[in-house]
Number of protein chains: 2
Amino acid sequence: MSKYDCLRLDHQLCFPIYACSRGIVKKYKPFLDELDLTYTQYIVMMVLWEKQECNVKELGNALFLDSGTLTPLLKKMEAKGLVSRTRSTTDERNVIICITEEGMKLRDQAVTIPAKMGGCVDLSKDEAKTLYKLLYKVLANVEK
Amino acid sequence: MSKYDCLRLDHQLCFPIYACSRGIVKKYKPFLDELDLTYTQYIVMMVLWEKQECNVKELGNALFLDSGTLTPLLKKMEAKGLVSRTRSTTDERNVIICITEEGMKLRDQAVTIPAKMGGCVDLSKDEAKTLYKLLYKVLANVEK
DNA sequence: TATAATTAAATTGTACACAACTTAATTGCA
DNA sequence: TGCAATTAAGTTGTGTACAATTTAATTATA
């Protein structure tokens with residue numbers, strides 16, 4: 001029992017979150033490689049598969065990412081033919097990201113990924129639900 | 001209810017882990033800025049405050065990081081006077097990272113950080129313990 | 001005991017993240 | 001209405017991450 005115990009790695013909550021995050025993203029890699037997507041590109045696609053279009057700001061709000069990350073990412077995705085980027089005519093500050101047909105097609109390939117990943121993470125339904133709730137609680141506290 | 005529901009962002013476990021990780025690291029920033037440490041440098045220091053010295057491989061095992069990340073990081077920390085880097089004489093493949101007196105001194109400043117961060121994350125003792133256990137369970141599954 | 005296999009770091013190249021700043025468009029208010 | 005404040009993207013610079021490869025040292029074995 002030392003006054004430095006609070007600085008032990010195994011007394012942190014942040015460290016396993018950080019390590020899990022990287023570990024899980026690494027597990028996604030082989031599955032996402034088949035779609036030629038990175039993890040960040042994949043979560044952008046998730047938003048667009050649902051909404052078909054939204055501006056950079058909305059995308060950033062959904063993913064907790066800013067334009068410094070999204071702008072270069074979206075340019076790459078545009079180059080790959082997954083999305084289009086168009087200035088809004090009603091408010092020229094906004095850039096509207098629109099999923100292409102090509103991008104929409106990827107959805108059918110992606111649909112098998114969550115089950116494969118579920119196998120990697122390997123928690124019971126109850127454990128997954130508990131973890132989910134706690135993470136969103138932390139996220140709410142941290143993002144406010 | 002669509003067959004694409006599994007691709008919704010709010011049906012993922014990975015996304016809140018990823019978002020939490022980035023959100024928490026961002027919360028650390030003002031505290032770590034006072035010590036002139038990044039988050040990754042901070043967790044390296046955590047290992048060294050405990051062990052005083054270890055090689056790059058051991059550090060990587062503890063933090064789930066490889067030499068591609070650690071080598072440049074450790075060179076920066078050496079330049080700041082926090083650690084020394086020495087080839088082992090018994091096995092010249094190993095580089096031994098040793099915390100300096102300067103680095104050891106930082107521990108007294110760092111000791112207040114965990115409590116401050118606890119306030120940000122703001123979970124009950126039970127919630128924190130549950131979250132901790134589930135994260136290490138996921139981590140074990142993901143890293144094997 | 002030479003050499004093949006393994007191991008530990010380092011290097012190279014790519015892809016985020018994000019702070020801080022810039023630019024251009026829109027809003028709000030004196 | 002005109003200008004200050006705000007807002008949305010984009011840009012710049014720094015710092016991780018990590019895959020893939022290279023280099024050098026050690027170990028194992030034919």
Side-chain angles (χ1 to χ4, degrees), chain A residues 14-15 18-30 32-33 36-45 54-80 83 85-97 142-143, chain B residues 14-15 18-30 32-33 36-45 54-80 83 85-97 142-143:
Chain A
C14 181
F15 175 68
Y18 160 82
C20 269
S21 174
R22 290 185 300 114
I24 294 180
V25 169
K26 227 180 286 186
K27 279 282 185 188
Y28 268 107
K29 192 169 187 315
L32 294 179
D33 277 351
D36 188 30
L37 290 175
T38 64
Y39 178 73
T40 318
Q41 290 168 9
Y42 175 59
I43 59 176
V44 167
M45 291 305 285
C54 71
N55 63 38
V56 176
K57 184 72 181 180
E58 289 163 346
L59 210 46
N61 288 341
L63 303 178
F64 304 99
L65 291 171
D66 69 7
S67 68
T69 301
L70 288 173
T71 296
L73 192 78
L74 292 167
K75 283 183 178 174
K76 278 177 217 165
M77 294 175 75
E78 186 183 35
K80 284 202 275 196
V83 305
R85 298 166 62 249
T86 328
R87 283 270 161 203
S88 165
T89 45
T90 50
D91 185 341
E92 296 211 13
R93 287 172 305 181
N94 292 294
V95 166
I96 299 164
I97 308 303
V142 159
E143 291 294 339
Chain B
C14 182
F15 175 69
Y18 161 80
C20 268
S21 173
R22 290 185 298 116
I24 294 179
V25 169
K26 225 181 287 185
K27 278 283 186 189
Y28 268 107
K29 190 168 189 315
L32 293 180
D33 277 351
D36 188 30
L37 291 175
T38 64
Y39 178 72
T40 317
Q41 289 168 9
Y42 176 58
I43 59 176
V44 167
M45 292 306 285
C54 69
N55 64 36
V56 175
K57 183 75 179 175
E58 289 163 345
L59 210 45
N61 287 341
L63 304 177
F64 305 99
L65 291 169
D66 69 6
S67 67
T69 301
L70 287 173
T71 297
L73 192 79
L74 292 167
K75 283 182 178 175
K76 279 177 217 163
M77 294 176 74
E78 185 183 36
K80 284 202 278 198
V83 304
R85 300 167 59 249
T86 326
R87 284 270 161 202
S88 164
T89 45
T90 50
D91 184 341
E92 295 212 12
R93 288 174 303 182
N94 292 293
V95 167
I96 298 162
I97 308 302
V142 159
E143 291 295 338

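At D/dA17, one or more side-chain N or O atoms of B/Thr40 fall inside 4.0 Å of OP1 or OP2 (strictly under the cut-off). For B/Arg22 and C/dC18, the shortest distance from a side-chain N or O to OP1 or OP2 is below 4.0 Å. At C/dC16, one or more side-chain N or O atoms of A/Lys76 fall inside 4.0 Å of OP1 or OP2 (strictly under the cut-off). For the pair A/Tyr18 and D/dT16, the criterion of a side-chain N or O lying under 4.0 Å from OP1 or OP2 is not met.
Checking A/Lys76 against A/Gln41 by side-chain atom types alone, no donor-acceptor pair falls below 3.5 Å. Between the side chains of B/Ser88 and B/Thr90, at least one donor N or O sits under 3.5 Å from an acceptor N or O.
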Give the intermediate values and the outcome of side chain to side chain contact (heavy atoms under 4.5 Å, CB included) for residues B/Arg22 and A/Leu65. CA-CA 10 Å; B/Arg22 290 185 298 116; A/Leu65 291 171; 3.2 Å; yes

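When rounded to the nearest whole Å, the span between CG of B/Leu73 and P of C/dA10 equals 12 Å. For the pair B/Met77 CE and D/dT16 P, the interatomic distance rounds to 9 Å; values are reported in whole Å.
Within 4.0 Å (heavy atoms only), A/Ser21 reaches no atom of the nucleic acid at all.
Across the interface with DNA chain C, nearest-nucleotide mapping of A/Thr89 and A/Gln41 shows A/Gln41 to be the residue nearer the 5′ end. In terms of position along DNA chain D, the nucleotide closest to A/Arg85 lies nearer the 5' end than the nucleotide closest to the other residue of the pair B/Thr69 and A/Arg85.
Ring geometry for B/Phe15 against A/Phe64 counts as parallel: the plane angle stays under 30°, on a 0 to 90° scale with 60° as the upper cut.
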